[in-house]
Amino acid sequence: MNILLGVTGGIAAYKSLELVRLFVKAGHDVQVVMTSGAKEFIQPLSFQALSGHPVRDSLFDANQEAGMGHIELARWPDVIVIAPASAETLAKLRMGRADDLLTTLCLATDRPILLAPAMNRLMWQNAATQENLEMLANRGFEIMKPGSGEQACGEVGEGRLPEPADIFSATESLVASLQPDPAWQILPEFWKGKHLLITAGPTFEDIDPVRFIGNKSSGKMGYAIAEAAAQAGAEVTLITGPVALKVSETIRKVSVRSAQQMFESVQENYASCDVFISAAAVADYRISKPKLQKIKKTDGQDDLTLNLVKNPDIVKWVAEQTPKPYVVGFAAETEKLETYAQDKLKRKNLDMICANSVSGGKGFEQDDNALLLLTESRQKNLLRAPKTRLAKSLLVFIAESISETE
Ligand SMILES: Cc1cc2nc3c(=O)[nH]c(=O)nc-3n(C[C@H](O)[C@H](O)[C@H](O)COP(=O)(O)O)c2cc1C
């Protein structure tokens, strides 16, 4: 793959040398474009030695223009990565400015652009920077979240350049997400006219009028599946816990808050569905008697006990019905992924289970994930990829598994 790496004027510019090394080691062809700010921090020669190409740094260099014009250079890469991306360059990109080679290339290309910002924590938090990022994200730029910790300026906070290995993975995921999945082509035939009922997001169990027990589910996986199924021609009903995600108008969305409400909505909708996917993170327990008034802090009372009672097991309930739809559950585990998933598949009499590891911050709240898909007779590992892509692969696997048993 051809990667154009933009390096801007930040203290973290030296870390991009490691990024070039990772790209080259993986067999990618890398060309580096430096801003004049970047050259204040690091010598172009280092990038030239690692990439095997002369560094490009000038928009108005007659020799360089003769060799390969900036328009030609803009067409060369499969992906453009800017790391570190300075606050200044983010502002220029947002404005659509083109007063140096890097920003001109970004305007003149139709290739995906990944930004890895790095800056002082106050520069990062500044409303101007945040507005610029929001605008760029809306325009389709892929933006990595910077790391947190001690900064070169001596302050502690958010704004560190993500680790080169993470920028490397994000680049590969971005490019992979743009490749069409060959199996996707067969999907519309299977899903057209099928009714998919899917739950997504967390449930909130109220303690009193202002407090609740929730969980970290972002709903992104379930929403991605709902969108992909709708694209494939399925009729989709999405029962969702409280999340701030939007869905296409073709999807019938039912918003609920608690596990009990989700259960009632599933009971109302399951009978007409062909496939039921339980992607929601449903609370296992709820408060037995939520207080009608806010619980007050009482002097001298150091402990407070909340009484919890078990919630209905929604996916198990659907799997017990006759006739029943094809039932797909999710298992988020922190250890022994396959063992626990196999156990859940059998114990709840599911047709399929999608297991994902949520140890070390993986899975929840992320845009990408890895899944292990299991049925009684089949197994498939879906490697780390954006949830939008995993959703399609999952729908392919469901279609294949149902077709096999028919
Ligand atoms: C020592 C030093 C460190 C800097 N580090 C950063 C940084 O980490 N991130 C950033 O956005 N700007 C940083 N700046 C400011 C940029 O270099 C400056 O805004 C420059 O105009 C960026 O231009 P460019 O994006 O065209 O490279 C730093 C400046 C100095 C003097």
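Model, not experiment: these values are computed from the prediction. Counting convention: from 1, in listed order, for ligands and their atoms alike.
- Residue-level proximity to ligand 1 for E40 is absent, since no heavy atom of it falls below 4.0 angstrom.
- Taking a 4.0 Å cut-off on heavy atoms, A12 fails to register as neighbouring ligand 1.
- Not one N or O of N120 is nearer than 3.5 Å to an N or O of ligand 1, by distance alone.
- Within the 4.0 Å heavy-atom criterion, both parts of T89, backbone and side chain, lie near ligand 1.
- Note that CD1 of I198 and CD1 of I277 are 4.5 Å apart. Values are rounded to the nearest 0.5 Å.
- The distance from ligand 1 to the heavy atoms of I11 drops below 4.0 Å at these ligand atoms: 5 (N), 8 (O).
- Within ligand 1, counting atoms from 1 as listed, the ones closer than 4.0 Å to a heavy atom of G10 are 5 (N), 6 (C), 7 (C), 8 (O).
- Checking only distances, A85 never comes within under 3.5 Å of ligand 1, N or O to N or O.
- Look at R252 and E235 and you find no salt bridge, because none of the NZ, NE, NH1 or NH2 atoms lies under 4.0 Å from a carboxylate O.
- Nearest protein heavy-atom neighbour of atom 11 (O) of ligand 1: A87 N, 2.7 Å.
- At least one donor-acceptor pair closer than 3.5 Å links the side chain of T375 to the backbone N or O of S377.
- Aromatic ring centroids of Y14 and F41 lie 6.0 Å or more apart.
- When the heavy-atom distances from atom 22 (C) of ligand 1 to Q151, K92, M119, E88 are ranked, the shortest goes to E88.
- Screening R211, K289, R257, K291 against D206 for a salt bridge (Lys or Arg N to Asp or Glu O under 4.0 Å) leaves a single residue, R257.
- Each of the following atoms of ligand 1 lies closer than 4.0 Å to a heavy atom of F41: 1 (C), 2 (C), 3 (C), 4 (C), 28 (C), 29 (C), 30 (C).
- Heavy-atom contacts of A118 reach the following atoms of ligand 1: 7 (C), 8 (O), 9 (N), 10 (C), 11 (O) (cutoff under 4.0 Å).
- In this structure, the side chains of E227 and V247 come closer than 4.5 Å at one or more pairs of heavy atoms.
- Annotation: the span from T339 atom OG1 to K344 atom NZ amounts to 14.5 Å, rounded to 0.5 Å.
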Can you check side chain to side chain donor-acceptor pair (under 3.5 Å) on T129 and E131, steps first, answer last? CA-CA 5 Å; T129 304; E131 268 179 31; over 6 Å; no
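- Atoms of ligand 1 lying under 4.0 Å from at least one heavy atom of M123, given by number and element, are 10 (C), 11 (O), 12 (N).
- The residue among L90, V7, T35 with a heavy atom at the shortest distance from atom 26 (O) of ligand 1 is T35.
- Counting all heavy atoms, side chain and backbone alike, K310 lies closest to R286 at O-NH1, 3.2 Å.
- Atoms of ligand 1 found under 4.0 Å from any heavy atom of T8 (numbered from 1 in listed order, with element): 25 (O), 27 (O).
- Closest heavy-atom approach to atom 13 (C) of ligand 1 within the set G9, S86, G6: this belongs to G9.
- Shown here, atom 31 (C) of ligand 1 is out of close reach of the protein: none of its heavy atoms lies under 4.0 Å off.
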Run the numbers on S218 and Y223 for side chain to side chain donor-acceptor pair (under 3.5 Å), then give the verdict. CA-CA 9 Å; S218 64; Y223 274 63; over 6 Å; no
